[in-house]
Amino acid sequence: MLIVLFLGDIVGEPGRNAVIARLPELKKQHALDFIIVNGENAAGGRGITGKITIDLLRAGVSVVTTGDHIWDQKDIQSFIPTEPRLLRPINYPDGAPGAGSIVLETPKGKVGVINVQCRTFMQPILDNPFRAVEAAVAKMREETTNIIVDVHGETTSEKIAMGHFLDGRVSAVIGTHTHVQTADEQILPGGTAFLCDAGMCGPVNSVLGRAVEPIMNRFVSNMPASFPVAVGEVRLHGALVEIDETSGRAVRIARVDDPGPSQAADEPEPKIDIEQTSMPEQT
């Protein structure tokens, strides 16, 4: 069996430090063959940098996926073309830096990863994710049937529809973006593992990884506020998927809800943003 660990959105330094610290233990515990993490909130809660990407890859991550915050850090447009293991959503128009898919060799054969962004309640609105991912899967299946899709979206309906759309054509469809782990892990009829949202790797006592008080006050007052990354206890959320590498069909999916290190690091680089919308932005 090909054993894949998929971890949900990493939030700030507490989240990424916890992932980096725990990965060696998790790799040994589960005999992992391949590790995917969503890193789009890894830099102060918004975006990812080249340095953070390299740190995650050196810690054992195979592929870093992202989403709507991919361009939030200024160096990423020049960095992403140099590191094919850092993906941006595949449904960006032609000419966008970087790539939305990759196929990597492993001792158990080739593994493909596709990153796609939904459209409902998402900004920016990208090309049709269903058509984009359909074309990418068809091309990728010429190399491998072991394919994992990160579907980055706000609504459960759109992500569930994507799971059924790809059922039997990919090994797993796992959602990201909402930072709240769902309890609907399943193997769809065609053999595709599905989880609507992997959750986040970040501070527990928070609102989606951000400090509680500023977001509560924003909902109460509707006044602009900064949303620093929270501190304290960290947990890692995601999914563990076992795949028959000869057929590409998933045979098991289990949610991951593991503690981070005993002491979560403080966040020294909040990169605070002043939100101008009527409600706190979904990270």
Side-chain angles (χ1 to χ4, degrees), residues 5-27 32 34-89 92 96-102 104 113 115 117 148 150 152 174 176-177 179 198-203 206 208-211 226-232 234-238 256 258 260-261 263-273 281-283:
L5 175 66
F6 186 108
L7 292 178
D9 302 48
I10 295 173
V11 182
E13 187 174 27
R16 68 179 188 259
N17 282 353
V19 168
I20 290 170
R22 289 295 319 279
L23 274 185
E25 180 186 353
L26 291 173
K27 189 171 185 179
L32 300 176
F34 204 83
I35 300 168
I36 304 166
V37 303
N38 186 293
E40 74 141 12
N41 298 128
R46 293 182 70 97
I48 190 169
T49 65
K51 180 183 182 304
I52 291 171
T53 302
I54 292 168
D55 288 344
L56 291 169
L57 294 172
R58 286 176 175 170
V61 172
S62 307
V63 175
V64 180
T65 57
T66 58
D68 54 309
H69 288 299
I70 176 59
W71 313 118
D72 284 4
Q73 297 297 320
K74 62 182 180 181
D75 77 322
I76 207 65
Q77 288 194 38
S78 60
F79 174 80
I80 197 169
T82 72
E83 180 46 79
R85 292 169 293 178
L86 174 63
L87 302 183
R88 46 85 174 157
Y92 266 91
S101 66
I102 190 172
L104 295 175
V113 181
N115 192 180
Q117 183 172 309
I148 297 94
D150 176 343
H152 195 77
I174 300 177
T176 56
H177 179 67
H179 295 201
M200 72 171 182
C201 299
S206 70
L208 308 181
R210 303 300 186 104
S226 59
F227 302 149
V229 172
V231 297
V234 174
R235 294 196 71 86
L236 309 185
H237 289 150
V256 171
D258 278 10
Q263 293 294 321
D266 289 344
E267 174 70 41
E269 42 148 31
K271 299 188 186 301
I272 291 171
D273 296 281
E281 182 181 17
Q282 171 70 57
T283 54

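Atoms considered below: every heavy atom in the structure, side chains included; atoms not considered: hydrogens, waters and symmetry mates.
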Engineer: Pick from Thr53, Val64, Ile54: which one makes a side chain to side chain contact (heavy atoms under 4.5 Å, CB included) with Glu83?
Structural biologist: Thr53
Engineer: Out of curiosity, Ile70 CD1 to Leu87 CG, how far, rounded to the nearest 0.5 Å?
Structural biologist: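 So the CD1 of Ile70 and the CG of Leu87 are separated by 9.0 Å.
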Engineer: Compare every heavy atom of Tyr92 with every heavy atom of Ala96, then report the nearest pair and how far apart it is.
Structural biologist: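 For Ala96 versus Tyr92, the nearest heavy atoms are CB-CB, 3.7 Å.
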Engineer: Do the side chains of Pro14 and Val229 get nearer than 4.5 Å, heavy atoms only?
Structural biologist: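 Yes; the side chains approach each other to less than 4.5 Å.
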Engineer: Any chance you could lay out the side chain to side chain contact (heavy atoms under 4.5 Å, CB included) test for Phe34 and Val63, step after step, and finish with the verdict?
Structural biologist: CA-CA 8 Å; Phe34 204 83; Val63 175; 3.8 Å; yes
Engineer: Could you tell me which non-hydrogen atom of Pro84 sits nearest to which non-hydrogen atom of Ile102, and how far apart they are?
Structural biologist: O-CD1, 3.3 Å
Engineer: Any chance you could measure His69, atom NE2, to Arg46, atom CZ, to the nearest 0.5 Å?
Structural biologist: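 Nearest 0.5 Å value for the NE2-CZ distance: 5.0 Å.
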Engineer: Heavy atoms, side chains only, cut-off 4.5 Å: are Asp150 and Ile36 in contact?
Structural biologist: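 Heavy-atom side-chain distance check fails, nothing below 4.5 Å.
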Engineer: Quick check: does any side chain N or O of Arg88 sit under 3.5 Å from a backbone N or O of Gly98, one acting as donor and the other as acceptor?
Structural biologist: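 Pair found, side chain donor or acceptor close to backbone of Gly98.
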Engineer: Do Asn41 and His179 have side chains that approach each other closer than 4.5 Å (heavy atoms only, starting at C-beta)?
Structural biologist: yes
Engineer: Considering only heavy atoms from C-beta outward, does the side chain of Ile80 approach that of Trp71 to under 4.5 Å?
Structural biologist: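 When only atoms from C-beta onward are counted, Trp71 and Ile80 do touch, with a gap below 4.5 Å.
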Engineer: Are the side chain of Asp9 and the backbone of Asn38 linked by a donor-acceptor contact shorter than 3.5 Å?
Structural biologist: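 Such a contact is absent between Asp9 side chain and Asn38 backbone.
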Engineer: If we ignore hydrogens and angles and just use 3.5 Å, is the side chain of Glu40 paired with the main-chain N or O of Asp68 as donor and acceptor?
Structural biologist: yes
Engineer: Between Arg85 and Leu104, is any pair of side-chain heavy atoms under 4.5 Å apart?
Structural biologist: yes
Engineer: Is the backbone N or O of Gly8 less than 3.5 Å from a side-chain atom of Thr176, with the two atoms forming a donor-acceptor pair by type?
Structural biologist: no
Engineer: Specify the closest pair of heavy atoms between Gly15 and Ile10, including all atoms of both residues, with the distance to one decimal.
Structural biologist: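 Smallest interatomic distance, heavy atoms only, reads C-CG2, 3.5 Å.
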Engineer: Please tell me if the side chains of Leu5 and Leu23 come closer than 4.5 Å, counting only heavy atoms from C-beta onward.
Structural biologist: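 Yes, at least one pair of side-chain atoms sits under 4.5 Å.
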Engineer: Can you see which heavy atom on Ala21 is nearest to which on Pro261, and at what distance?
Structural biologist: CB-CG, 3.7 Å
Engineer: List the steps and the verdict of side chain to side chain contact (heavy atoms under 4.5 Å, CB included) for Thr66 and Ile76.
Structural biologist: CA-CA 12 Å; Thr66 58; Ile76 207 65; over 6 Å; no
Engineer: Tell me, do Ile52 and Arg16 make a side-chain contact under 4.5 Å, heavy atoms counted?
Structural biologist: yes
Engineer: Does the pair Leu26 and Val256 meet the rule for a side chain to side chain contact (heavy atoms under 4.5 Å, CB included), with working shown?
Structural biologist: CA-CA 11 Å; Leu26 291 173; Val256 171; 5.8 Å; no
Engineer: Please report the shortest heavy-atom distance between Ile174 and Ala198, naming the atom on each side.
Structural biologist: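 Of all heavy-atom pairs spanning Ile174 and Ala198, the closest is CG2-CB, 3.9 Å.
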Engineer: Could you tell me which non-hydrogen atom of Gly260 sits nearest to which non-hydrogen atom of Ala18, and how far apart they are?
Structural biologist: CA-CB, 4.1 Å
